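It should be emphasised that the depicted structure is a prediction, and the values quoted were computed from it without experimental measurement. All chains are named by letter (A, B, ...) in the order of the sequence lines, taking the proteins before the strands, and each is independently numbered beginning at 1.
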2 protein chains.
Amino acid sequence: MTAEDSAAAQAWQAMRSLVLDSNDKREAVSAALGMSFIRAKALRHLAPGPMSMSELAKSLATDASYTSIVVEDLAARGLVGRSVHPADRRVKIVTITATGLDAAQQAERIIGAPPPAFRALAEERLATLLGLLDELLSIEARSSGDSLETA
Amino acid sequence: MTAEDSAAAQAWQAMRSLVLDSNDKREAVSAALGMSFIRAKALRHLAPGPMSMSELAKSLATDASYTSIVVEDLAARGLVGRSVHPADRRVKIVTITATGLDAAQQAERIIGAPPPAFRALAEERLATLLGLLDELLSIEARSSGDSLETA
DNA sequence: GCGGTTATTTGTAGGCGTACGATTATTAGC
DNA sequence: GCTAATAATCGTACGCCTACAAATAACCGC
């Protein structure tokens, strides 16, 4: 194990610890919204705009059949609506409602709120951190974008 | 939303994305070891040394009764052994076997391996990143003193 | 129009984990 | 000794999610 390996492993472990230990807000989101986490996740994914069932299923990485159950439940709560795609009547378009958007934003507020430690970090160091994280993400995007540009 | 909030939120989102999107190795660990993730987690927690059932349950944040099921399964696989506490015969001490340690180390290798992007980062930047992450962790440790948990 | 394909839904079976209640063995307090 | 508390286990019921198989409706190429 070289020194670089060790530093990379330590950074990875630290990052995992920050995200997974005591900053996992999934339970809090479920409790606040009164629904399973994947339902809240569906709302968050639908917030930017409508999506077909299959697109939603892919985006949530869930089975198509289970996606139907989730959307049916969200529709029963009045958080999403379903309409038929005008050009392809097989496709159903799922659209978030105003109430649903409120719930999605509430979830986003809980999940997206950075841990207190982030706010305690000096502004300049925070900027450095953000730059490094963005660099990591762009490296990831480059290397995985080569092999798959999925339709 | 101030600029600091935004930077902190962006950094938090980026970090969450790095850890949770496409670098979640739990499924890989389950597949490699042929057991549910919580069983692998139990092995990793037992690797440093023996533990009583109740200690293990607390460390895994699982119900005591379910912990019995998990340990029974691990014992049936020969990955852990159970013995009675010499001073309190109610207590059972769970000890990892050599085979179990192999499995735990295999899991640790899979989970602890930093994503490729980390290795593509320049050595000096990696050191900077590690320093910032350690700073965040130490801030966390200072402010919320007694929560030591590892996923 | 016919046959094959696709999108969605329904149904079924099961794994994983949570939450409790009850049981047994053992220890500790009085 | 008797009683209460504790550690572990067993049992049961349930929620959440996966994985398939099958049914239905609508599309597409021919």
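- Remark: Lys92(B) is not in phosphate contact with dA25(C), judged by side-chain N or O atoms under 4.0 Å from OP1 or OP2.
- The hydrophobic cluster containing Val19(B) does not contain Val29(A), counting ILVMFWY residues as joined when their side-chain heavy atoms lie under 4.5 angstrom apart, directly or transitively.
- Ranking dT18(C), dA19(D), dG17(C) by closeness to the Ser36(B) side chain, first place goes to dG17(C).
- Atom CD of Glu72(B) and atom C1' of dA7(D) are 16 Å apart (whole Å).
- Contact between the side-chain N/O atoms of Arg90(A) and the OP1/OP2 oxygens of dT5(C) is not found at any separation under 4.0 Å.
- Phosphate contact (OP1/OP2 of dC28(D), side-chain N/O of Arg89(A), threshold under 4.0 Å): absent.
- With Ser17(B) contributing its side chain and Gln13(B) its backbone, the two residues share no donor-acceptor pair below 3.5 Å.
- An OP1 or OP2 oxygen of dT8(C) is reached within less than 4.0 angstrom by a side-chain nitrogen or oxygen of Ser54(A).
- Across all strands shown, Thr67(A) has no heavy atoms under 4.0 Å from either base or sugar-phosphate atoms.
- Evaluation of atom-type donor-acceptor distances gives no pair under 3.5 Å for the side chain of Ser68(B) against the base of dC10(D).
- Taking only side-chain nitrogens and oxygens, Arg26(B) never comes nearer than 4.0 Å to OP1 or OP2 of dC16(C).
- Residue contacts for Ile38(A): at a heavy-atom cut-off of 4.0 Å it reaches the sugar-phosphate backbone alone, with no base atom in range.
- Remark on DNA chain D: of its neighbouring residues Ala87(A) and Met35(A), the 5'-side contact belongs to Met35(A), judged by nearest-heavy-atom nucleotide.
- Although no hydrogens or angles enter the test, the distance criterion places no donor-acceptor pair under 3.5 Å between the side chain of Ser52(A) and the main chain of Lys92(A).
- Residue Arg39(B) places its side chain closer to dG17(C) than to any other of dT9(D), dT9(C), dG17(C).
- Remark: the Asp63(A) side chain and the dC20(D) base include a donor-acceptor N/O pair separated by less than 3.5 Å.
- Per the geometry, OH belonging to Tyr66(B) stands 17 Å off P belonging to dC20(C), to the nearest Å.
- In the set dT9(C), dA8(D), dG11(D), the nucleotide with an atom closest to the side chain of Ser65(B) is dG11(D).
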